[in-house]
Asks: 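This is the structure I have questions about; it appears just below.
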Protein chains: 2
Amino acid sequence: MKLGNSDYLPHIAYDSVIFGFSGEKLKILIMKYHNTGLFALPGGFVKIDESLNEAVRRGLQERTGLSNIYLEQFYTFGNVERHIPEVMATILRANNFDTEGEYEWLLDRFFSVAYYALINYNDVIPKPDALSDSCDWYAIDELPTLMLDHDTIVEKALQTLRDNIDRKLVGMNLLPTRFTMNELQKVYEAILGEKLRRTSFQRKILSLNILERHEKQFSGKAHKAPYLYSFTKK
Amino acid sequence: MKLGNSDYLPHIAYDSVIFGFSGEKLKILIMKYHNTGLFALPGGFVKIDESLNEAVRRGLQERTGLSNIYLEQFYTFGNVERHIPEVMATILRANNFDTEGEYEWLLDRFFSVAYYALINYNDVIPKPDALSDSCDWYAIDELPTLMLDHDTIVEKALQTLRDNIDRKLVGMNLLPTRFTMNELQKVYEAILGEKLRRTSFQRKILSLNILERHEKQFSGKAHKAPYLYSFTKK
DNA sequence: TTATCATTGTCTCAGTTTGTAACAATAAGA
DNA sequence: TCTTATTGTTACAAACTGAGACAATGATAA
């Protein structure tokens with residue numbers, strides 16, 4: 001990836017909170033920049049002749065290998081206080097990029113349009129970008145401290161996800177195609193941060209008429225085998 | 001208002017959908033540009049050293065005279081297709097502003113961060129800005145065609161308002177301090193675009209424990225006088 | 001004064017949804 | 001065959017909602 005100042009719109013960036021579900025926990029992708037100890041959300045910039053949503057999809061594909069990701073834009077952060085040029089300067093210098101000339105625009109003040117994405121954990125092989133040495137999953141209750149206002153961004157993403165959980169189908173994107181009712185319940189519990197009642201949950205989800213029942217899944221455990229379900233796409 | 005290129009961040013604008021309630025209808029403020037026949041949402045730009053939210057409040061105060069307005073950011077529009085430099089060139093020329101030099105930056109591509117505001121209709125005396133000759137209320141079902149993607153912005157604002165109506169207190173900002181239950185119901189009906197049942201609405205609102213009951217309001221009409229209510233602020 | 005009218009506050013009652021528990025039906029191992 | 005953990009389903013009370021009934025009440029007309 002090149003970051004020359006001729007290709008991108010100045011002052012505008014995006015950051016993405018990429019949610020996955022594994023080990024009964026909700027996790028997000030976090031990048032670590034070379035030789036700085038700085039952690040950040042995956043983000044990027046918008047090309048001169050590119051739409052905002054296209055730019056975000058392009059960036060997410062580069063980071064996860066996935067196209068056709070479920071995406072929601074949730075807020076644009078534009079406080080003066082989030083402009084701390086020393087942070088970007090540190091990152092650039094750690095990567096031997098000159099902070100004058102071609103890359104100087106990266107030190108300017110930026111607005112960040114924030115998106116959250118819901119993806120199937122097992123489909124992804126996270127890839128760091130040119131400035132970072134890792135891109136890894138972190139459980140949302142075990143996050144490192146993030147640079148700038150990225151902690152706030154994550155918090156707002158999670159809040160929006162919770163607010164949306166009953167209006168937009170959330171489980172669809174965090175689970176494999178076929179799953180048990182219990183797995184779906186675990187996803188809801190991880191997002192909401194609270195236990196749910198089994199029978200109420202089952203009744204509520206089934207009453208939405210969005211699930212198709214398939215064969216049973218035999219786990220080898222000594223108890224009744226649960227049915228597998230999939231979402232009916234329409 | 002000056003619009004010289006040294007004061008504002010390039011490529012970033014905001015637009016606001018300012019809701020008011022009058023004559024049993026939901027209305028929004030629309031500006032008309034001098035000698036162009038172009039209608040648009042009130043908007044503006046962000047100064048170099050100013051936070052986004054500050055900029056929006058500053059602009060709204062200039063347009064309405066109100067400070068302390070209820071504001072929600074709801075989406076950022078960044079499609080390539082919304083960049084039609086001829087439109088802004090038309091507006092500038094109609095105001096005898098040179099499209100080269102100091103104001104040339106206004107012809108660039110812009111992202112627009114969109115907000116909606118809820119205000120008390122009677123508190124406002126709309127004021128046009130430097131480029132427009134009017135700033136007036138239009139009922140949402142009688143809007144003129146708006147320039148660029150401003151129709152889309154209004155539609156999304158209304159959709160967001162409807163989605164939020166049960167989660168955020170909406171009536172509070174669209175009515176005077178004291179109001180009758182019927183007036184509040186009319187606000188809900190205008191926003192949702194459907195009739196509501198009187199008794200159900202009353203029961204639901206009262207069960208929220210957010211209203212304080214005051215003296216009756218005698219209208220001079222030949223029927224029982226309704227109580228006045230106000231929101232309990234906490 | 002009395003009758004009429006439109007609107008309001010409250011109540012009722014049935015139908016629906018939700019919280020909670022109970023119970024029978026498994027799969028696999030002992 | 002018995003035990004154990006988990007699942008699908010049913011049952012029942014509590015809470016909520018839709019729809020209507022009804023009395024109370026300001027003002028006007030008779």
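Note on naming: letters A, B, ... go to the chains in the order of the sequence lines (proteins, then strands), and numbering restarts at 1 for each one. None of these values were measured; they are calculated from a predicted model.
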Asks: Take the angle between the ring planes of A/Tyr116 and A/Tyr70 and call it parallel below 30°, perpendicular above 60°, tilted in between.
Replies: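 If you compare the ring of A/Tyr116 with that of A/Tyr70, the planes turn out tilted.
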Asks: Where does DNA chain D pair, written as one dot-bracket string 5' to 3', with Watson-Crick or G-U pairs under 3.5 Å, ( ) inside the strand, [ ] for crossing pairs and | for another strand?
Replies: ||||||||||||||||||||||||||||||
Asks: Strictly by salt bridge (charged side-chain N to carboxylate O under 4.0 Å, His left out), give each pair with a member in residues 152-166 of chain B just once, sequence neighbours left out.
Replies: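 Every pair satisfying salt bridge (charged side-chain N to carboxylate O under 4.0 Å, His left out) with a residue in residues 152-166 of chain B: A/Arg167-B/Asp163, B/Asp166-B/Lys204.
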Asks: Minimum heavy-atom separation for A/Ala190 to A/Phe21, with atom names?
Replies: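 Residues A/Ala190 and A/Phe21, closest heavy atoms: CB-CE1, 3.6 Å.
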Asks: Show which side-chain atoms of residues 11-20 of chain A pair as donor or acceptor with protein atoms under 3.5 Å away, not counting sequence neighbours.
Replies:
from	atom 1	to	atom 2	distance (Å)
A/His11	ND1	A/Arg109	O	2.8
A/Asp15	OD2	A/Ser112	OG	2.6
A/Ser16	OG	A/Pro42	O	2.9

Asks: Atom CG in B/Leu66, atom CG in B/Asn120: separation rounded to 0.5 Å?
Replies: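 Interatomic distance, B/Leu66 CG to B/Asn120 CG, rounded to 0.5 Å: 8.5 Å.
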Asks: List for me each residue that meets salt bridge (Lys or Arg N to Asp or Glu O under 4.0 Å) alongside B/Glu50, sequence neighbours excluded, and say none if there are none.
Replies: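 B/Glu50: salt bridge (Lys or Arg N to Asp or Glu O under 4.0 Å) contacts with B/Arg58.
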Asks: For B/Phe179 and B/Phe231, I'd like to know if the aromatic rings sit close, meaning centre-to-centre distance below 6.0 Å.
Replies: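 Centroid separation for B/Phe179 and B/Phe231: below 6.0 Å.
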Asks: Between which nucleotides of DNA chain C, 5' to 3', does chain A make heavy-atom contacts below 4.0 Å?
Replies: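 So the outermost contacting nucleotides come out as C/dT18 to C/dA28.
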Asks: Please report the distance, rounded to the nearest Å, between CD in A/Gln185 and C1' in D/dT6.
Replies: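 Value for this atom pair: 12 Å.
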Asks: Could I get a table of every N or O pair under 3.5 Å where one atom is in the protein and the other is in nucleotides 27-30 of chain D?
Replies:
from	atom 1	to	atom 2	distance (Å)
D/dA27	O4'	B/Lys221	O	3.4
D/dA27	O3'	B/Gly220	O	3.3

Asks: Among residues two or more places apart or on two chains, list those pairs meeting salt bridge (charged side-chain N to carboxylate O under 4.0 Å, His left out) that have a residue in residues 208-229 of chain B.
Replies: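 Salt bridge (charged side-chain N to carboxylate O under 4.0 Å, His left out) check on residues 208-229 of chain B returns B/Arg178-B/Glu215.
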Asks: Provide the full list of salt bridge (charged side-chain N to carboxylate O under 4.0 Å, His left out) pairs with a residue in residues 137-154 of chain B, sequence neighbours left out, each pair given once.
Replies: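 Of all non-adjacent pairs touching residues 137-154 of chain B, those that pass salt bridge (charged side-chain N to carboxylate O under 4.0 Å, His left out) are B/Lys25-B/Asp141, B/Lys25-B/Glu142, B/Arg82-B/Asp149.
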Asks: The criterion is salt bridge (Lys or Arg N to Asp or Glu O under 4.0 Å); which residues satisfy it with B/Glu24, sequence neighbours excluded?
Replies: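 Testing B/Glu24 for salt bridge (Lys or Arg N to Asp or Glu O under 4.0 Å), a comparison that skips the adjacent residues, returns none.
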Asks: Can you work out whether B/Asn182 or A/Ser207 has the more 5'-proximal nearest nucleotide on DNA chain C?
Replies: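 By nearest-heavy-atom nucleotide position, the 5'-most residue is B/Asn182.
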Asks: Please name all residues satisfying salt bridge (Lys or Arg N to Asp or Glu O under 4.0 Å) with A/Asp133, sequence neighbours left out, ordered by chain then number.
Replies: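 Applying salt bridge (Lys or Arg N to Asp or Glu O under 4.0 Å) to A/Asp133 gives none.
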Asks: Applying side chain to side chain donor-acceptor pair (under 3.5 Å) as the test, list every pair that has at least one member in residues 26-44 of chain A; sequence neighbours left out.
Replies: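 Only A/His34-A/Asn95 qualify under side chain to side chain donor-acceptor pair (under 3.5 Å).
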Asks: Please list, for nucleotides 8-10 of chain D, all pairs of protein and nucleotide N/O atoms separated by less than 3.5 Å.
Replies:
from	atom 1	to	atom 2	distance (Å)
D/dG8	OP1	A/Tyr227	N	3.0
D/dG8	O4'	A/Lys224	NZ	3.3
D/dG8	N7	A/Arg198	NH1	3.0
D/dG8	O6	A/Arg198	NH2	3.1
D/dT9	OP2	A/Arg213	NH2	3.2

Asks: For A/Thr76 and B/Thr76: C-alpha separation, side-chain torsions, deciding distance, then whether side chain to side chain donor-acceptor pair (under 3.5 Å) applies.
Replies: CA-CA 7 Å; A/Thr76 295; B/Thr76 295; 2.5 Å; yes
